[in-house]
Amino acid sequence: GFTYYIKKTKTPNKAVAMKLAVKAGSFFETQSQKGYAHLLEHVALFNKNLIDFHATVKNEGMIPRARTGQIVTRYQIIIPDVNKEKIALGLNALKSWGGALKFDKSQVDVQRGAVLGEMRTKDPYRDWLIKKYGAILLQNVEFPMYPEERIVKNIKDFNINSLKKFYNDWYRPDLQAAIIVGDIDLDSIQSLVEKKFS
């Protein structure tokens, strides 16, 4: 059930963008999981399962990023001056983010602190826009909206089982898609993606 999209484009520096979209975000959290979609994005991005992909790809000049939305969590890696090794490393990062997480308590604790730190940076307009967007999107649905204080409480009173449940419920191949665009050989990339994610 895993979906992928590949497209060849000409880029001046032979760059490739790889993205992993997970069809789950903050709207998919239960009350006890509020804030965990964002926490899971951090845990996945900085995952040190087999190797520290975040540090490794940055050392190769690649740029990893992630963002949690209401209905989709996105992971992205930009690969300048692409070669076979960087393509393999990028695909390994996508695979790691999407389905090979191990929950190490010390790593999760670091990312809990990072999420709480991000919440201290306030943008009143962004907060207003998110609340307005949520109210409009969910106006005809019985869907609970939780206050930000609930997120802070959940992150501080962390429950590893609730985080694992969110991960197991929503980080499934049928809810994920890889998007690869750039100066690539389509047949080669298709073969690598099918091998990596089958």
Shortest non-hydrogen contact between [X] and [Y], atoms and distance:
X	Y	answer
A44	Y75	CB-OH, 3.5 Å
K156	R112	O-NH2, 2.9 Å
L94	A178	CD1-CB, 4.3 Å
H38	T68	CA-OG1, 3.5 Å
I79	G90	CD1-CA, 4.4 Å
I78	A17	CD1-CB, 3.8 Å

Is there a path of hydrophobic side-chain contacts, each under 4.5 Å between heavy atoms, that joins [X] and [Y]?
X	Y	value
I151	W128	no
L175	I71	yes
L39	V110	no
Y5	I77	no
I189	I179	no

Spell out, as yes or no, whether a donor-acceptor pair under 3.5 Å connects the side chain of [X] to the backbone of [Y].
X	Y	result
Q176	F2	no
E29	G35	yes
Y167	L101	yes
R65	Q76	no

Is any side-chain heavy atom of [Y] closer than 4.5 Å to one of [X]?
X	Y	answer
W97	V22	no
L91	I180	yes
Q190	Y4	yes
Y36	F158	yes
K196	N92	yes
V82	I184	no
E118	H42	yes
L40	W170	no

Taking salt bridge (charged side-chain N to carboxylate O under 4.0 Å, His left out) as the definition, give me every residue that meets it alongside D169, ordered by chain and number, with sequence neighbours left out.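 Only K165 meet the salt bridge (charged side-chain N to carboxylate O under 4.0 Å, His left out) criterion with D169.
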Any chance the side chains of Q107 and Q111 put a donor and an acceptor closer than 3.5 Å?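 There is no such pair (donor and acceptor under 3.5 Å, judged by atom type) between the side chains of Q107 and Q111.
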Decide whether E41 and T73 meet the rule of one side-chain donor and one side-chain acceptor closer than 3.5 Å.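 Looking only at side-chain atoms, T73 and E41 do not form any donor-acceptor pair under 3.5 Å.
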Can you tell me how far NZ of K164 sits from CD of Q33, rounded to the nearest 0.5 angstrom?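 Reported value, rounded in 0.5 Å steps: 14.0 Å.
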Within this structure, what is the CZ-CD1 distance for the pair F103 and I160, rounded to the nearest 0.5 Å?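 F103 atom CZ to I160 atom CD1 measures 6.0 Å (nearest 0.5 Å).
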Partner of K8 by side chain to side chain contact (heavy atoms under 4.5 Å, CB included), out of L186, V16, D185: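 It is L186; the other options fail the test.
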Sort and list the pairs that fulfil side-chain hydrogen bond (donor to acceptor under 3.5 Å, both in side chains) and have at least one residue in residues 14-23, not counting sequence neighbours.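 Residue pairs passing side-chain hydrogen bond (donor to acceptor under 3.5 Å, both in side chains), neighbours aside: none found.
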